[in-house]
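Below: the structure, in structure tokens.
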Amino acid sequence: MIEKLNLENISLAVGIIVILIGLWGLLTQKNLIKIVIGFALFDTGIHIVMVSIGYIKGRTAPILDSAVDVNNASQIVVDPIPQALVLTAIVIGLGITALMLSYVLKMYQKRKSLEINNYKDLKW
Amino acid sequence: MLQIILAIFLGIIMLILAVIAVQNKNVVVAIIAAGAVSLFASVLYLLLAAPDVAMTEAAIGSGLSTIIFFYVLNKIKRQNG
Amino acid sequence: MVKKGFILLILAAMAVIIVGAFAGFTGNTDLGYVANHYASNGASEVGSANLVTAVVVTYRGLDTLGEVTILFLSAAIVGFFLKVENTDNKDRKLKYVSEILNTASQVLVPIIILFGVYVFINGHLSPGGGFQGGAILASGFVLMFIAQPKKEISHKMVTILESISGVSFVLLGVAGIIFASGFLDNTILSLGKFGTLFSAGAIPIIYIFVGLKVGSELTSIALSLKENQNEA
């Protein structure tokens, strides 16, 4: 049990629980802004999971400065690909959050309510 | 060893803040808590040897995204009253 | 009650799926095949000291183009939705901004913008790059919007800057097809001495355009929301 307690397992567990908390908020909350907060938490959790999969124990960041021997780099650095993916995903996450919030604003201007139960146009 | 203790500490704080962000009735508190989750996540990225990701998360997750939430909340409150 | 049961069921199913997917995860001990290639040949093929930059700009440059396009679309839709109908700002009430915040922001905003530019110019040497630098630029501008509400920035200028940098980014990519081996190939300029500012071929130039594009897009989102505040 104690040998499982390393950095990548801890961060993986934290990421998974944050994903589940975000999903819980998404499903239980009635306020539109709280739903968007649930989406943001879901996003953060997925990013933590992806970065912790790329981590390799005892290795350093993928930057070839004076601390890293260039010829032997593949034995010293962690995986750069998940980091590159997450880097762009965070920026896009902000764009998506802003888009959802502008939808919320537009919906509020039409109906003067943030309660999800008041929007039943598509329910039959 | 120090890294593992720090990671557990950060993880517990993040989970508490995430539950606050989902459960608190006050939307302002929820927005601040969601921003703080991102802030602690950026420290966790630094432990995971990802300084690029940590920089992005600190600038965007806890800075810009919180501001955008508050702009929308402010607009909604102003239309209300 | 049935609804709560359903929610619990969905959460439990999701937990089983995710935990099941990662149950056997023991942590990597070595790089995968592709990552191994990037780590051992990144310095000689691309000449960038920061391997994340090498992956984002050159090895997977086409993905970056797609992501920048998504960001552009979301900024455009936010601008479209929050269009200000009456631009009559004469009798708007400005909130009182404290003297300390105002004065501090006048000192801090140029420094933050300078730091953002530093981050995206040095993207191939140190942690940082176009996306981070653009976000820092945008947060500097957002600080200015909050602390100095009387100051107006032309939204048109931001849009023009964004368009110019986007078009230049794509043109540099096409130049890679014509003069080198593929889209966004950075060897159209000489690779230079590894680890210096003028190295890694076209990566600093590409990252300057990406940084300006991301910065102006995020600023444009914040600006649309700010202009919308003033409307009744």
Side-chain angles (χ1 to χ4, degrees), chain A residues 4 6-9 12-13 15-17 19-21 23-24 26-28 45 49 52-59 61-66 68 70-92 94-103 105-106, chain C residues 4 6-7 10-11 14-15 18-19 22 25-32 34-40 42-44 48-56 59-60 63-64 67-68 70-71 73-75 77-78 81-82 125-127 129 131-132 134-135 194-195 214 217-218 221-222 224-225 228:
Chain A
K4 281 226 163 195
N6 50 23
L7 203 54
E8 56 264 41
N9 282 345
L12 196 66
I16 289 174
I17 299 173
I19 290 178
L20 290 176
I21 291 175
L23 190 67
W24 176 44
L26 207 62
L27 292 172
T28 52
V49 167
S52 60
I53 286 175
Y55 181 74
I56 300 174
K57 193 177 183 331
R59 295 204 184 184
I63 292 164
L64 308 175
D65 52 6
S66 53
V68 176
V70 176
N71 301 316
N72 202 17
S74 61
Q75 303 299 317
I76 303 173
V77 298
V78 302
D79 198 341
I81 301 172
Q83 297 191 13
L85 285 174
V86 170
L87 187 67
T88 43
I90 290 173
V91 180
I92 288 174
L94 176 69
I96 303 298
T97 308
L99 188 56
M100 281 193 287
L101 282 171
S102 65
Y103 284 142
L105 199 52
K106 214 64 192 172
Chain C
K4 273 191 178 153
F6 250 137
I7 288 169
I10 290 173
L11 279 178
M14 190 81 184
I18 300 179
V19 172
F22 293 111
F25 180 75
T26 51
N28 293 321
T29 53
D30 211 356
L31 293 180
V34 179
N36 202 359
H37 177 90
Y38 291 167
S40 35
S44 55
S48 159
N50 187 345
L51 287 176
V52 178
T53 298
V55 174
V56 168
Y59 286 122
R60 304 208 168 173
D63 292 5
T64 306
E67 317 222 0
V68 169
I70 296 174
L71 194 62
L73 274 178
S74 70
I77 298 173
V78 169
F81 263 109
L82 303 182
L125 300 176
S126 55
F131 290 95
Q132 293 95 323
F194 180 76
V214 171
E217 264 157 6
L218 300 182
I221 290 178
S224 318
L225 285 163
N228 201 266

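Contact of A/L12 with chain C is made through the side chain alone, with heavy-atom distances under 4.5 Å. Contacts between C/A135 and chain A at a heavy-atom distance below 4.5 Å are absent for every atom of the residue. Of the atoms belonging to A/A89, it is backbone heavy atoms, and not side-chain ones, that fall under 4.5 Å from chain C. Looking at C/F81, both its backbone and its side chain come within 4.5 Å of chain A, counting heavy atoms on both sides. Residue contact with chain C, scored on non-hydrogen atoms closer than 4.5 Å, involves the backbone and the side chain of A/I53 alike. Residue A/V78 touches chain C through its backbone alone, counting heavy-atom pairs closer than 4.5 Å. Both the backbone and the side chain of A/I56 come within contact range of chain C, judged by heavy atoms closer than 4.5 Å. Within the 4.5 angstrom heavy-atom criterion, atoms from both the backbone and the side chain of C/L11 approach chain A.
For the atom pair CZ (C/R60) and CG (A/L85), the distance works out to 6.5 Å, reported to the nearest 0.5 Å. Summarising the geometry, atom OG belonging to A/S102 is positioned 7.5 Å from atom CG belonging to C/L225; distances are rounded to the nearest 0.5 Å. Distance CG/A/L94 to CG/C/L218: 5.5 Å, rounded to 0.5 Å. With rounding to the nearest 0.5 angstrom, the CE atom of C/M14 is 5.5 Å from the CG atom of A/L23. A distance of 4.0 Å separates CD1 of C/I70 from CD1 of A/I92, quoted to the nearest 0.5 Å. Note that CH2 of A/W24 and CD1 of C/I10 are 15.0 Å apart. Values are rounded to the nearest 0.5 Å.
For the options A/T88, A/I96, A/L20, heavy-atom pairs under 4.5 Å to chain C are most numerous at A/T88. Of the listed residues (C/T64, C/V68, C/L51), the one with the most heavy-atom contacts under 4.5 Å to chain A is C/L51. Between chain A and the options C/N50, C/L71, C/V56, C/I77, the largest number of non-hydrogen pairs under 4.5 Å is found for C/N50.
The minimum heavy-atom distance between A/A84 and C/V55, with the atom names listed, is CB-CG1, 3.7 Å. Counting all heavy atoms, side chain and backbone alike, C/S74 lies closest to A/G95 at OG-CA, 3.6 Å. Between C/I18 and A/I19, the shortest heavy-atom contact is CD1-CG2, 4.0 Å.
Counting heavy atoms from C-beta on, the side chains of A/L87 and C/Q132 come closer than 4.5 Å.
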